[in-house]
Protein chains: 2
Amino acid sequence: MDSGLEQIKRVAHLPTRIASEFAKRIYEGSLQPGDKLPTEHMMAKTFGVSRTVVREAIAQLRSEGLVESRQGVGAFVLERPARQIYLDDAKAMDRHDFRSLYQLRIPLEMEAAALAAVHHTTAQMDALSAALSRITDTENWGGSGVEADLDFHRIIAEATGNIYFGQFIGAISDRISHVIVIARTEGQLEDVIAHTIEEHTAIRDAIRTKDPVVARAAMRRHLIGSAQRVGLSIEFYS
Amino acid sequence: MDSGLEQIKRVAHLPTRIASEFAKRIYEGSLQPGDKLPTEHMMAKTFGVSRTVVREAIAQLRSEGLVESRQGVGAFVLERPARQIYLDDAKAMDRHDFRSLYQLRIPLEMEAAALAAVHHTTAQMDALSAALSRITDTENWGGSGVEADLDFHRIIAEATGNIYFGQFIGAISDRISHVIVIARTEGQLEDVIAHTIEEHTAIRDAIRTKDPVVARAAMRRHLIGSAQRVGLSIEFYS
DNA sequence: TATTGTAATGTTGTCTGACAACATGATAGG
DNA sequence: CCTATCATGTTGTCAGACAACATTACAATA
């Protein structure tokens with residue numbers, strides 16, 4: 001089959017064409033979050049298609065997370081998630097996956113601590129101390145304690161001043177968070193809690209020194225300790 | 001507003017319910033890539049809805065990349081991309097973004113080289129040498145030369161034996177590849193090429209020694225050199 | 001017997017019209 | 001001023017029709 005002939009014959013699917021047109025407007029900024037799309041009736045008239053085609057196009061945009069429809073009102077452009085990286089979460093994470101992702105997390109978190117030592121702001125140090133207090137003060141080690149812990153790490157990633165550290169470490173945290181919840185619910189020994197709190201405090205203090213080497217070492221110690229506490233043997237060379 | 005009342009009142013959007021049902025079947029494996037979905041007519045009868053609702057559900061699934069429709073034939077489940085991590089590429093990458101992503105890439109690639117030194121297979125070493133030959137032999141430094149270069153790094157990531165290294169480094173490579181193409185098109189000095197080839201050869205040879213520390217150091221040297229060659233000053237502590 | 005052409009049937013793509021359900025704004029009544 | 005009702009507009013769903021494409025079966029011809 002001559003591919004030139006096939007190209008001539010193929011007519012683009014109408015809903016996809018219209019969905020692409022609006023996606024383009026959203027991505028290039030001429031349609032902003034909160035903006036209302038034209039009514040279905042108006043779009044059908046403007047593009048010279050049936051309302052069915054318009055509705056299927058909106059179904060596509062909805063599925064892509066770009067718009068939401070409100071019955072009786074219209075379709076509105078959604079805020080695009082600040083998140084620029086997405087980790088597939090369709091499959092439940094088994095122990096091997098967790099170990100693999102944890103292994104990848106280690107060099108990232110260590111580098112983030114070093115960069116945060118150099119680049120943090122006063123506000124970020126305050127936020128880090130607040131997260132540390134939430135870790136220390138929690139009465140729900142496996143619930144809000146995990147949230148505070150992951151917040152602590154996210155704040156460090158943000159303090160690198162490099163958005164990708166924030167994005168990647170945030171994505172990884174989201175993916176492993178429920179595994180950590182389960183691990184903490186199953187074992188709440190007091191010395192485990194005490195070590196975890198001490199290690200986080202040491203990281204916070206190390207970052208405050210502004211010395212990247214010290215900060216990196218404190219994070220390394222915590223990640224090793226943390227892995228051992230959940231029975232993980234992780235090979236790494238950082 | 002009492003949230004219990006709101007829960008009772010809210011009826012889920014029909015196309016979304018049907019799309020979710022099929023997405024579930026696809027994710028849990030009862031529908032496999034290549035399988036044909038029931039006809040629209042049959043689905044409408046089975047679910048007791050109009051064909052419009054079914055079509056909007058299929059539009060959603062199509063938009064999620066889970067199915068493709070063939071006119072006159074039916075809708076078929078698509079292969080799910082092996083990729084489990086997605087980097088948003090809606091926005092063009094500027095120099096600052098490139099530097100930030102490169103900064104994050106450094107600890108990952110160094111750790112990957114170390115792990116690859118320990119875990120590589122004979123086939124992976126052969127593939128790495130083949131990619132190295134493609135780098136060395138290319139007459140199109142900015143085209144197939146870049147492809148070979150990124151393949152080289154992907155093979156190393158795969159040789160870690162940890163799928164997340166492959167996924168993350170692959171995602172990053174896809175995102176920065178066209179920037180590298182442009183950089184190489186703009187400057188093709190012979191000593192730049194010679195250094196790049198020598199550094200890749202050193203990495204290949206270091207991984208072959210099975211010594212993670214040596215491999216890590218070779219990758220570090222390359223990443224520093226590579227950054228300098230494109231005029232990037234990157235702060236890192238690995 | 002093998003190949004080609006045609007007809008029948010089935011399926012997706014699009015259109016039209018109608019009504020249900022929801023939302024908003026204006027107006028009237030207390 | 002507040003509440004209820006009505007009118008109008010918009011999305012959600014249904015039903016029917018026809019276009020466009022795909023597949024299969026059967027007949028005609030070499």
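Every chain is numbered from 1 and lettered A, B, ... according to where its sequence line falls, protein lines coming before strand lines.
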Tell me which pairs pass salt bridge (Lys or Arg N to Asp or Glu O under 4.0 Å) where either residue lies in residues 28-48 of chain A, with sequence neighbours left out.
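Applying salt bridge (Lys or Arg N to Asp or Glu O under 4.0 Å) to every pair that reaches into residues 28-48 of chain A, excluding sequence neighbours, yields A/Glu40-A/Arg51, A/Glu40-A/Arg55.
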
Return the polar atom pairs (N/O with N/O) between nucleotides 5-9 of chain C and the protein under 3.5 Å, or none.
none

Hits for ring-ring contact (aromatic ring centres under 6.0 Å, His included) against B/Phe168, two or more places apart or cross-chain, chain-then-number order -> A/Phe168

By ring-ring contact (aromatic ring centres under 6.0 Å, His included) - contacts of A/His120 (at least two apart):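 Partners of A/His120 by the ring-ring contact (aromatic ring centres under 6.0 Å, His included) criterion come out as none, since no residue qualifies.
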
How would you list, by chain and number, every residue that makes a side chain to side chain donor-acceptor pair (under 3.5 Å) with [X], sequence neighbours excluded?
| X | result |
| --- | --- |
| B/Ser173 | none |
| B/Asn162 | A/Gln103 |
| A/Thr136 | none |
| B/Ser177 | none |

Expected string for nucleotides 7-15 of chain D under the B/S/- scheme (protein heavy atoms, under 4.0 Å, primed atoms plus P, OP1, OP2 as sugar-phosphate) is --BBBBBB-

